[in-house]
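One structure is given below, encoded as structure tokens.
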Amino acid sequence: MINIIEDKCDYCGACVTVCPVDCIELDNNSIDIDHIECIDCNLCAYICPIEVLKIEN
Ligand code: SF4
Ligand code: SF4
């Protein structure tokens, strides 16, 4: 499962552009992942420039 350290996210949107199932919801100052839709591909964690997306088992 992928989790966000939300208070460290700068809402750059990079993760949204790579998510193949479009399950990351980003607003001006909030971000959320739909864990039901997420397929755990981890692309968002690899693309995040400040490493605030963490892969957890
Ligand atoms: S790529 Fe990282 S910093 Fe950018 S919006 Fe996604 S979680 Fe936040
Ligand atoms: S792990 Fe993959 S499917 Fe899940 S939110 Fe990240 S990019 Fe999207």
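Every value quoted in this text rests on a predicted model; they were computed, and no experiment measured them. When a ligand or atom number is given, it counts from 1 through the structure's own listing order. Nothing fancy with the numbering, it's 1 onward along the sequence.
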Q) Which is closest to atom 2 (Fe) of ligand 2 in terms of heavy atoms, Cys19, Cys41, Cys48? A) Cys41
(Q) Please list, in number order, the atoms of ligand 2 under 4.0 Å from a heavy atom of Cys23. (A) 5 (S), 8 (Fe)
Q) Just wondering, are more than 12 heavy atoms of other shown residues or ligands nearer than 6.0 Å to CD in Glu6? A) yes
**Q.** For atom 4 (Fe) of ligand 1, closest protein heavy-atom neighbour
**A.** Cys12 SG, 2.3 Å
Q) Under 4.0 Å from any heavy atom of Val21, which atoms of ligand 2 are there? A) 3 (S)
Q. Just wondering, are more than 12 heavy atoms of other shown residues or ligands nearer than 6.0 Å to CG in Asp7?
A. yes
Q | Protein heavy atom at shortest distance from atom 6 (Fe) of ligand 1 | A | Cys15 SG, 2.3 Å
Q: Kindly say whether Asn29 contributes a backbone atom to a donor-acceptor pair with the side chain of Tyr11 at under 3.5 angstrom?
A: yes
Q. Hey, which atoms in ligand 1 end up nearer than 4.0 Å to a heavy atom of Leu53?
A. 7 (S)
Q: State the atoms of ligand 2, each with its element, that fall below the 4.0 Å cut-off from a heavy-atom position in Ile24.
A: 5 (S)
Q | Metal site atom 4 (Fe) of ligand 2: N/O/S of Cys44 inside 2.8 Å | A | no
Q: Report yes or no: does Ile50 have a heavy atom closer than 4.0 Å to ligand 1?
A: yes
Q: Output the distance between atom CD1 (Ile33) and atom CG (Asp40), rounded to the nearest 0.5 Å.
A: 9.5 Å
Q. Nearest heavy-atom pair of Cys38 and Val21: which atoms, and what distance?
A. CA-CG2, 4.3 Å
Q. Where is the nearest protein heavy atom to atom 7 (S) of ligand 1: which residue, which atom, and how far?
A. Val52 CG2, 3.4 Å
Q | Asp10: numbered ligand 1 atoms lying under 4.0 Å from its heavy atoms | A | 3 (S), 4 (Fe)
Q. Among the clusters formed by ILVMFWY side chains lying less than 4.5 Å apart, do Ile55 and Val16 turn up in the same one?
A. yes
Q. In terms of atom number and element, which parts of ligand 2 are under 4.0 angstrom from non-hydrogen atoms of Ile39?
A. 3 (S)
Q | Heavy-atom nearest neighbour in the protein, as seen from atom 8 (Fe) of ligand 1, with distance rounded to 0.1 Å | A | Cys9 SG, 2.3 Å
Q.
Give the atom numbers and elements of ligand 2 that come within less than 4.0 Å of a heavy atom of Asn42.
A. 1 (S), 2 (Fe)
Q.
Applying a strict under-4.5 Å side-chain criterion to I, L, V, M, F, W and Y, I'd like to know whether Leu26 and Ile4 cluster together.
A. yes
Q. To the nearest 0.5 Å, what is the distance between CD1 (Ile24) and CD (Glu37)?
A. 12.5 Å
Q. Given side chains that start at C-beta, do those of Asn42 and Ile2 come closer than 4.5 Å, heavy atoms only?
A. yes
